[in-house]
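Input: a single structure, listed below in structure tokens.
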Number of protein chains: 2
Amino acid sequence: MKVAMIEDDIELAEILSEYLKKYGIDVTNFDDPYVAISAMRIEDFDALILDLTLPEMDGLDILKKIREFSDIPVIISSARSDLSDKVIGLELGADDYLPKPYDPKELEARLKAITRRRTKPPKEPDFKIYKNRREIHFKSKPLHLTPAEYEVLGYLIEHQNQPVDREELLYACENLSENASEKTIDVIISRIRQKIGDEPKNPRYIQSVRGIGYKFVP
Amino acid sequence: MKVAMIEDDIELAEILSEYLKKYGIDVTNFDDPYVAISAMRIEDFDALILDLTLPEMDGLDILKKIREFSDIPVIISSARSDLSDKVIGLELGADDYLPKPYDPKELEARLKAITRRRTKPPKEPDFKIYKNRREIHFKSKPLHLTPAEYEVLGYLIEHQNQPVDREELLYACENLSENASEKTIDVIISRIRQKIGDEPKNPRYIQSVRGIGYKFVP
DNA sequence: ATCGGCGTTAACCTTTCATTAATATTCGAT
DNA sequence: ATCGAATATTAATGAAAGGTTAACGCCGAT
């Protein structure tokens, strides 16, 4: 297991690294948060141990920055026992909170726990297609879709993550005329977005791919 | 939503309470299991979050005691990642198991999921088919149906929730000619709807599926 | 023969929804 | 920033689908 650590207390960092190495946990410490962030963009770590009490930069800001590009498990460690930090940290997606000083053994246990948990995120998808019912459910509730909307959304979902161009949709959908204008698609997409509450500015599910068409991201 | 929690780590309890309150979940924590049990005999909670690793009393025993008088949904949370605990807990009627440490977001999601699941009281169906008598009863009263109406309604009921297209009905019903106009179906549906008091605008039981036909929803 | 029940069709009205056009907004390259 | 193109949104329209009623005609029972 390869773990990143952001800790400015070099001595503490070394103690922990030594200890964790004995349990097969490889720790790379960064005393400079910015270096850490750059490194994490390139290299893949299994977890991050983040010290909140850093000079120069606030630990929570670092977490926020990291969350912009990674959902790596994060354990926050801090000498501040400030409750609000704890709350904010967990909200930003930290997985655990460890007040200093702590027993290395505990850190090891939590690392193990977190990475174990990571391997089983069984979450219900937001969209489900019930072909035999001719229904699409969104967050467990059926959507009221017109035939064309049903077909378009269904097709996008089945081709999730890949951009589908408008012409393809016109041909794929029974309820769309093949020689209809491609603008028709735009109108239908707009109505679907309204029904699922997707804001076209920064849409969560149906994203427009400029020059091509649309793609569904689950 | 009002939730009870049995957790001896007061600090963790407070974090979770704060977090869940923002999502409209009211948490009452008990650090003493016995107090909790007494309270739950009196007050009505929507769910219980139970920490297994308690002093004095084993969490599983508590669950057993609670099950003697309540079938409240229970989420077990535990630092023990012992599998047998999980099994026993779920056998005793816990609805979910959440290993510590966990993300409050996940707890929230599971709470919502569990209480949503809870709302399904099994009830007597409004329609019953008596094949031998060739009758269909609606709310315990027999309907006066013509042979074709009986067949169509019966077929729809037997294929409940799935849209049945008109052609299929023409073929399935002895009393309908296979080469009759599909409009015939519409007329028969209209008559059935009148007999069961289903308003075609926003129908409760027989819904039209545009481009296909009709579907019966129980 | 005649009658009544019932499936069928025709005619007519209402509703739905894909489509187009028109307008506003956003995006991305320069 | 600026411009042109792509996308978003809204309203209008018209054709198709569904809903309803009345009348027709087939067929078995009287």
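Below, read A as the first sequence line, B as the second, and so on, with proteins coming before strands; counting in each chain starts at 1.
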Nearest whole angstrom, please: distance from the [atom2] of [N] to the [atom1] of [X].
X	N	atom1	atom2	value
A:K195	D:dA8	NZ	P	17 Å
B:R210	D:dG18	CZ	P	6 Å
B:N175	D:dC27	CG	C1'	13 Å
A:I206	D:dT7	CD1	P	15 Å
B:N202	D:dG19	CG	P	13 Å
B:I192	D:dT20	CD1	P	12 Å

Problem - Aromatic ring pairing A:F138/A:Y205, orientation class (parallel under 30°, perpendicular over 60°, tilted between) - result: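 Aromatic pair A:F138/A:Y205 classed perpendicular.
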Does one side chain, of [X] or [Y], offer a donor that lies under 3.5 Å from an acceptor on the other?
X	Y	answer
B:Q162	A:N132	no
A:N29	A:E7	no
B:Y155	B:E168	yes

Problem - Outermost nucleotides of DNA chain C that come under 4.0 Å of a non-hydrogen atom of chain B - result: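 Here the contact window of chain B covers C:dC6 to C:dC17.
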Problem - Residue closer to the 5' end of DNA chain C, B:A180 versus B:L145 (nearest nucleotide) - result: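 The residue mapped nearer the 5' terminus is B:L145.
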Handout entry: Upstream residue (5' side of DNA chain C) when A:E182 and B:E149 are each assigned their closest nucleotide
Key =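 Mapping each residue to its closest nucleotide by heavy atoms, the 5'-most match is B:E149.
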Exercise for the section: Taking all heavy atoms of B:P163 and all of B:V209, pick out the closest pair and write down the distance. Expected result: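 So the minimum-distance heavy-atom pair works out to CB-CG2, 3.9 Å.
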Problem - Shortest non-hydrogen contact between A:K215 and A:N161, atoms and distance - result: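 That closest heavy-atom pairing would be CD-O, 3.7 Å.
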Between the protein and nucleotides 9-12 of chain D, are there any N/O to N/O pairs under 3.5 Å, and if so, what are the atom names and distances?
{"residue": "D:dT9", "atom": "OP2", "partner": "A:S190", "partner atom": "OG", "Å": "3.1"}

Practice task
Would you sort out whether B:L156 and B:V164 count as a side chain to side chain contact (heavy atoms under 4.5 Å, CB included), showing the intermediate values?
Solution key: CA-CA 7 Å; B:L156 287 177; B:V164 178; 3.8 Å; yes
Just checking [X]: base, sugar-phosphate only, or nothing, at a heavy-atom cut-off of under 4.0 Å?
X	value
A:S208	sugar-phosphate
B:V152	nothing
A:I188	nothing

Handout entry: From CA spacing to verdict: ring-ring contact (aromatic ring centres under 6.0 Å, His included), A:H137, A:Y130
Key = CA-CA 8 Å; A:H137 286 220; A:Y130 297 92; 4.6 Å; yes
Practice task
Could you go through the side chain to side chain contact (heavy atoms under 4.5 Å, CB included) check for B:L176 and B:I188 one step at a time?
Solution key: CA-CA 10 Å; B:L176 296 180; B:I188 292 177; 3.5 Å; yes
Problem - Any B:Y214 side-chain nitrogen or oxygen under 4.0 Å from OP1 or OP2 of D:dA17 - result: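 Negative; the distance criterion is not met.
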Handout entry: side-chain N/O B:R166 vs D:dA17 OP1/OP2, d < 4.0 Å
Key =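 Result: no.
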Problem - Terminal helix-axis angle for the helix from C:dA1-D:dT30 to C:dT30-D:dA1, with five pairs defining each axis and rounding to 10 degrees - result: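 The end-segment axes of the helix from C:dA1-D:dT30 to C:dT30-D:dA1 are tilted 30° relative to each other.
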Problem - Step-by-step salt bridge (charged side-chain N to carboxylate O under 4.0 Å, His left out) determination, A:K131 to A:E158 - result: CA-CA 12 Å; A:K131 279 226 169 85; A:E158 281 177 348; 2.5 Å; yes
Exercise for the section: Going by the side chain to side chain donor-acceptor pair (under 3.5 Å) test, name the single residue among A:R193, A:Q207, A:R166 that passes it with A:Y214. Expected result: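 Exactly one pass, corresponding to A:R166.
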Practice task
Go through B:I6 and B:I49 one step at a time and tell me if the side chain to side chain contact (heavy atoms under 4.5 Å, CB included) criterion holds.
Solution key: CA-CA 6 Å; B:I6 302 181; B:I49 303 161; over 6 Å; no
